Amino acid sequence: MNVSQAMKERRSVRAFLPRVPSAQDVQSLIADSALSASGGNLQPWKVIALAGEPLQQLTAAVANAKPMDDDVVAHMAYPPSLWEPYRTRRFKNGEDLYKTIDIPRDNKAARLEQMAKNGAFFGAPVGVIVLVDERMGYAQWLDLGIYLQSFMLMATERGMATCPQGYWRRFRDTVENVLAVPQPYRVACGIALGYEDTAAPINELRADRAQWDEWAQLRGFA
């Protein structure tokens, strides 16, 4: 598989098989992804991969924890009062997701139940927590994004599936306490990692993309 194929095949998977990737496979994925570009070679990330009992301890703690204030969490994920065309894109993505599992918009209880599956890494056998030094700035968060993209593409190349999750920022104090995260590192995101359950309806989602001419230009070309 080449990079172009991995780009086309990669997607956020929300139902996994119980098969556990080997420690060697997970370690090499984490390490090889660090070949990503990093301004000044700062490599401003720490990565913790969990399986078995440590994974269960984290998910159990989060299941019984109170999330951060909703207003704080919302601002960490999206700007307040999201504007067009981004509001529509976000709305459609959510509706398309819930349509795959037949949950209508007015069934708020079922939607909340589905959202809560984030806290179990959607049943993935490996949960990855990605940390960043909170003293870092905008440029280093860009570097972190490059690392995450490399991680997901390489996982796809190696036959694994992923789902990046901002959800874990809602419980970052709990996560950092359970994992004894050294200060000043903070939770940036989580990644569900494993092998896709191809029979699960929710994995039928294929998020669309905005048309090229909505966001890109060519200038000075013949």
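Everything quoted here is computed from the prediction, not taken from an experiment.
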Report summary line: Sorted by chain and number, sequence neighbours left out, ring pair (Phe, Tyr, Trp, His ring centres under 6.0 Å) with Y98 holds for none

Query raised in the report: Is there side-chain contact between F16 and F122, with heavy atoms separated by less than 4.5 Å?
Result: yes

Taking distance alone, no hydrogens or angles, what donor-acceptor pairs closer than 3.5 Å link side-chain atoms of residues 128-140 to residues at least two apart or in another chain?
from, atom 1, to, atom 2, distance (Å)
D133, OD1, R135, N, 2.9
D133, OD1, R135, NE, 3.0
D133, OD2, R135, NE, 3.4
D133, OD2, R135, NH2, 2.8
Q140, OE1, G137, N, 2.9

Query raised in the report: Sequence neighbours excluded, which residues qualify as salt bridge (charged side-chain N to carboxylate O under 4.0 Å, His left out) partners of R11?
Result: E196

Query raised in the report: With a 3.5 Å cut-off and no angle check, do the side chains of S33 and S150 form a donor-acceptor pair?
Result: no

Query raised in the report: Are W168 and F121 near enough that their ring centres are under 6.0 Å apart?
Result: yes

In a table with atom names and distances, give each donor-acceptor pair under 3.5 Å that connects a side chain of residues 198-205 to protein atoms at least two apart or in another chain.
from, atom 1, to, atom 2, distance (Å)
N203, OD1, R14, N, 2.9
N203, ND2, A15, O, 3.0
N203, ND2, D197, O, 2.9

Please list every donor-acceptor pair under 3.5 Å in which a side-chain atom of residues 99-107 meets a protein atom from a residue at least two apart or in another chain.
from, atom 1, to, atom 2, distance (Å)
T100, OG1, L97, O, 2.6
R105, NH1, E95, OE2, 3.0
N107, OD1, A110, N, 3.1

Query - For Q217, side chain to side chain contact (heavy atoms under 4.5 Å, CB included) partners two or more places apart - result: R219

Requested in this report: Return the set of residues passing salt bridge (charged side-chain N to carboxylate O under 4.0 Å, His left out) with K46 (not counting sequence neighbours), or none when no residue passes.
Outcome: none

Output side-chain donor-acceptor pairs under 3.5 Å for residues 20-29, partner residues at least two apart or in another chain, one line each.
from, atom 1, to, atom 2, distance (Å)
S22, OG, D25, N, 3.0
S22, OG, D25, OD2, 3.2
S28, OG, Q24, O, 3.2
S28, OG, D25, O, 3.1
S28, OG, R158, NH1, 3.2

**Report entry** Listed partners of E157 passing salt bridge (charged side-chain N to carboxylate O under 4.0 Å, His left out), at least two apart
**Finding:** none

Query - Geometric class of the Y167/F171 ring pair [parallel <30°, tilted 30-60°, perpendicular >60°] - result: tilted

Name each donor-acceptor pair under 3.5 Å that joins a side chain in residues 50-60 to protein atoms two or more places apart or in another chain, with its distance.
from, atom 1, to, atom 2, distance (Å)
T59, OG1, L55, O, 3.2
T59, OG1, Q56, O, 3.2

Requested in this report: Output all residues satisfying ring pair (Phe, Tyr, Trp, His ring centres under 6.0 Å) with F151, sequence neighbours left out; order by chain, then residue number.
Outcome: none

Query raised in the report: Which residues satisfy the side chain to side chain contact (heavy atoms under 4.5 Å, CB included) test with S4, sequence neighbours excluded?
Result: N2

